[in-house]
There are 2 protein chains.
Amino acid sequence: MRINEVMKALADPTRREILRLLNEGEKSAGELAERFAITAPSMSHHFSVLKAADLIRSRRAGQQILYALNTTVFEDLMSLLFDLFGRTEAGMHEKEGEQ
Amino acid sequence: MRINEVMKALADPTRREILRLLNEGEKSAGELAERFAITAPSMSHHFSVLKAADLIRSRRAGQQILYALNTTVFEDLMSLLFDLFGRTEAGMHEKEGEQ
DNA sequence: TCGAGAATTAGCCATATATCTAAATGGACG
DNA sequence: CGTCCATTTAGATATATGGCTAATTCTCGA
């Protein structure tokens, strides 16, 4: 996991809301876009940031592109946060995050 | 908790490293600064961002200012991440077994 | 093959951010 | 007091980011 890309991706409120919506299930780009007051190209930019961070996955279905959460990153994120905040008693979590 | 401020604070690698160092225990501004290749004013800027996000607390001890983690935010952060990634009932039924 | 619909890519602009140097603040101590 | 030391504040600058419009790509269906 690229921590920096993940964290930067999560730093934007629009992207966090996209993730929240995708938590309900797979949605098309257009379906997501209509929930926001920004243009499709801007949304597309956010999708690419989320994809680069591997927070979402996409697949084409006809003319549409469907996006879905990549939940495996969640665990990595938890691991990172424990690394930052977790009060550890010697070896409580062996697996250290990168960076 | 101001999610946006917390997330933006965490988006910077220097600030994440500061938190990691503070996880070892309280440290002075200078003590933290000497670990990085950036100037004291730049460090000070990062401290203020972390403070604004309530991720750290500070207290004066003579000429020095000591910083410490504010661990209570950790729980809030976890809660937020579950909100983003945690499978809710609706989501669970839509994409079961997906990874 | 052609046109329409969905989405992305390209290019531009304004704002936000991270960094620096220089100056100001606040405490310690002779 | 006066000066030193630790840190912050002010102000400047370069880069990053997020938004837009216009143009392009890709797929579907007549």
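Letters go in sequence order (proteins before strands), and every chain restarts at 1. What you see is a predicted model, and the numbers here were worked out from it, not measured in a lab.
Rounded to whole Å, atom P of dA7(C) lies 8 Å from atom CZ of Phe47(A). If you take CD1 of Ile18(A) and C1' of dG19(D), they are 14 Å apart, rounded to a whole angstrom. Summarising the geometry, the separation between NZ on Lys51(A) and P on dA7(C) is reported as 14 Å, rounded to the nearest angstrom. Counting to the nearest Å, the C1' atom of dT8(D) and the CG atom of Leu32(B) are 15 Å from each other. When rounded to the nearest whole Å, the span between CZ of Arg16(A) and P of dT17(D) equals 15 Å. Between the P atom of dT27(D) and the CD atom of Gln64(A) lies a distance of 14 Å, rounded to the nearest Å.
Applying the 3.5 Å distance criterion, the base of dC5(D) shares a donor-acceptor pair with the side chain of Gln63(B).
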Anything under 3.5 Å between a donor and an acceptor, one on a side chain of residues 42-49 of chain A, the other on a protein residue two or more places apart or in another chain? List them.
unit_1   : atom_1 : unit_2   : atom_2 : d
Ser42(A) : OG     : Thr39(A) : OG1    : 3.1
His46(A) : ND1    : Arg15(A) : NH1    : 3.1
Ser48(A) : OG     : His45(A) : O      : 2.8

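Distances shorter than 4.0 Å separate none of the side-chain N or O atoms of Tyr67(B) from OP1 or OP2 on dA6(D). OP1 or OP2 of dA6(C) has not a single side-chain nitrogen or oxygen of Ser28(A) nearer than 4.0 Å.
For the helix from dT1(C)-dA30(D) to dG30(C)-dC1(D), the axis fitted to the five pairs at one end and the axis fitted to the five pairs at the other end meet at an angle of 20° (nearest 10 degrees).
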- Could you run down nucleotides 12-22 of chain C 5' to 3' and tag each one B, S or - for protein heavy-atom contact under 4.0 Å? -----SSBBBB
